[in-house]
Amino acid sequence: MAGGKRVVIVGVPGVGKTTVMKRFMDRLKERGVKVEVVVYGTVMLEEAEKYGVTDRDELRKMGLEEMKEIQLKAARRIGEMESEMLIIDTHLIIRTKEGYLPGLPSKVLKELNPTNLVLITASPEEIKERRESDKSRRRDMISLEEIKEEIDLSMNYLSAVSNEAGIPVMIVKNERGKVDEAVDRLMEALG
Ligand code: ATP
Ligand code: MG
């Protein structure tokens, strides 16, 4: 099989995926690795703009059928991207009003063709704090109970996705003020 690593990074909203991944990318670049990062939500938003959606946090409020269509279109585009290391910043599950939608169903996985899966974790309390203090985004303000529910469900999806794709899974803790430690683990495993 041609090409380099295709690393999918997941975790509940606000856990710190984008933060960890950006620093990981900087470290890889220092080592001379050709790395590209793609934020799934950004590619989806580009596709959704054709449907009149202009804000990433509005994506979750689209109709389910449209959302799934856009999700697959984004997967096809990302599937065509190539790099020595491609990091895909995405979600295992997406909250919709009809319930949780899988972020990486079979069809999407097939297009993305990942080689590694990384789950970023933190305590529900920290996740709640981070969501509340991050003014750059308009995340849904959900309760501690709901965050716990998302974490539990994520663990189930994690093994399902790993099995479906036949790829290894890493669980990386992103504790308060310890982004560098999370990045160290990623560097050891993937750098
Ligand atoms: P989303 O899935 O919604 O994009 P995310 O997982 O990418 O969320 P980030 O945007 O990276 O989350 O982080 C959310 C907030 O938490 C940001 O304000 C970020 O600065 C902060 N944060 C991330 N990691 C840590 C950490 N280890 N300690 C303290 N704050 C952190
Ligand atoms: Mg993010």
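Each ligand, and each atom within it, is numbered from 1 in the order the structure gives.
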The one among R131, K17, R130, R139 that brings a heavy atom closest to atom 6 (O) of ligand 1: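 Minimum heavy-atom distance to atom 6 (O) of ligand 1 goes to K17.
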
Shortest reach to atom 4 (O) of ligand 1 by a heavy atom, considering only E129, K22, R137: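 When every heavy atom of E129, K22, R137 is considered, R137 comes closest to atom 4 (O) of ligand 1.
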
Criterion salt bridge (Lys or Arg N to Asp or Glu O under 4.0 Å) on R77 and E111, from CA distance to verdict: CA-CA 9 Å; R77 276 181 53 193; E111 299 291 339; over 6 Å; no

Salt bridge present between E80 and R76 (N-O < 4.0 angstrom):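 A salt bridge is absent here (no side-chain N lies under 4.0 Å from a carboxylate O).
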
NZ/NE/NH1/NH2 to OD/OE distance under 4.0 Å, D57 and R60: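 Result for this pair is yes, salt bridge flagged.
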
Please answer whether the main-chain N or O of [Y] pairs with a side-chain N or O of [X] as donor and acceptor at a distance below 3.5 Å.
X    : Y    : value
D140 : I142 : no
K17  : G11  : yes
E126 : R176 : yes

Closest heavy-atom pair and its distance - I167, S162: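 So the minimum-distance heavy-atom pair works out to O-OG, 2.8 Å.
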
Exercise: identify the closest heavy-atom pair between M44 and M67: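 Heavy atoms of M44 and M67 come nearest at CE-O, 3.9 Å.
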
Please list, in number order, the atoms of ligand 1 under 4.0 Å from a heavy atom of [X].
X    : result
R176 : 28 (N)
H91  : 1 (P), 2 (O)
G16  : 5 (P), 6 (O), 9 (P), 11 (O), 12 (O), 13 (O), 23 (C)

contact_flag G14 ligand 1 heavy-atom lt 4.0 Å: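 Yes, G14 has heavy atoms under 4.0 Å from ligand 1.
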
Protein N/O/S neighbour count - the Mg ion (ligand 2), strictly under 2.8 Å: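 For the Mg ion (ligand 2), protein nitrogen, oxygen or sulfur atoms under 2.8 Å: 1.
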
K148 atom NZ, neighbour heavy-atom count above 12 within 6.0 Å: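 Count over threshold, so yes.
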
K173, NZ: over 12 other non-hydrogen atoms inside 6.0 angstrom: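 Check fails, neighbour count at 12 or below.
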
Counting only nitrogen or oxygen atoms and a 3.5 angstrom limit, does [X] reach ligand 1?
X    : answer
E175 : yes
G177 : yes
P13  : no

Residue and atom name of the nearest protein heavy atom (relative to atom 24 (N) of ligand 1), distance in Å to one decimal: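 Checked against all protein heavy atoms, atom 24 (N) of ligand 1 sits closest to N174 ND2, 3.0 Å.
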
